[in-house]
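Only one structure is covered here, and it is reproduced in the block below.
Residue numbers begin at 1 in each chain, while the letters A, B, ... track the order of the sequences. All heavy atoms count here, side chains included; hydrogens, waters and symmetry mates do not.
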Amino acid sequence: AQKVTQAQTEISVVEKEDVTLDCVYETRDTTYYLFWYKQPPSGELVFLIRRNSFDEQNEISGRYSWNFQKSTSSFNFTITASQVVDSAVYFCALRFNAGNNRKLIWGLGTSLAVNP
Amino acid sequence: DVKVTQSSRYLVKRTGEKVFLECVQDMDHENMFWYRQDPGLGLRLIYFSYDVKMKEKGDIPEGYSVSREKKERFSLILESASTNQTSMYLCASLGGGALYNEQFFGPGTRLTVL
């Protein structure tokens, strides 16, 4: 079965704290893609990152970093020195490589509140 | 710059009305999607289209239909709106020649059915 689990429904932190959002996935495929999206209060989902299953290198983009570990089927997202503008719902998603599969398997999202 | 637009941000309709939600993308993408988003249920795929006049059911197609007469436009139709279709509707597109590319989303339409 293909599945994405974001166990943290809501997280609340104080500005400047570091915070990690967990994402655990299940797939039998050896080729797959993982995504993170941000949904701010305005509603539009914004793409953050894509990772393919053959690339386990961690990624850093400013205050954002991603830790991909195939051994634990996890693709966790860390925000360093969080800011109020980071307040949003964050979604992790999986695309498995089955032929012409275009669909994403979505986690239920983690709502992050960063308080001043 | 990539752009997906949706016809309305907020919509209020009555039970039994026929409702059209429009989505337009300007990226010449082949694939377009309609999702609904409800608290605690995440994003659920209603329908998607991989080419003009081509469509496939997603995970929750019941009560909905779609139309794709032109490549840039994908419409979601609620034939007879019901209160349980009150939700946030999100349109997305995917293209660029690779199915592993990211989907681009519109701003969403918050539909209330009274």
*Is it the side chain or the backbone of A:Tyr37 that comes within 4.5 Å of chain B heavy atoms, both, or neither?*
side chain
_Any side-chain donor near an acceptor of the partner, B:Tyr35 and B:Tyr47, under 3.5 Å_ = no
*Flag the one option from B:Gln103, B:Met88, B:Arg110 with the top tally of heavy-atom pairs under 4.5 Å to chain A.*
B:Gln103
_Check: A:Glu17/A:Ser82 side-chain N/O donor and acceptor closer than 3.5 Å_ = no
*asked:* We want to know whether A:Thr78 and A:Thr20 form a side-chain donor-acceptor pair, criterion being a heavy-atom distance below 3.5 angstrom.
replied: yes
*asked:* Taking side chain as everything from C-beta outward and backbone as N, CA, C, O, which of these in A:Gln6 sits under 4.5 Å from a heavy atom of chain B? Side chain, backbone, both or neither.
replied: neither
*Non-hydrogen atoms of chain A under 4.5 Å away: do they reach the side chain of B:Leu43, the backbone, both or neither?*
both
*Are A:Gln69 and A:Ser74 close enough that a side-chain donor and a side-chain acceptor fall under 3.5 Å?*
no
*asked:* Please determine whether a side-chain nitrogen of the Lys or Arg among B:Glu102 and A:Arg50 lies less than 4.0 Å from a carboxylate oxygen of the Asp or Glu.
replied: yes
*At a heavy-atom separation under 4.5 Å, does B:Arg9 approach chain A through its side chain, its backbone, both, or neither?*
side chain
*What part of B:Gln37 is in contact with chain A, defined as an atom under 4.5 angstrom from a non-hydrogen atom: side chain, backbone, both or neither?*
side chain
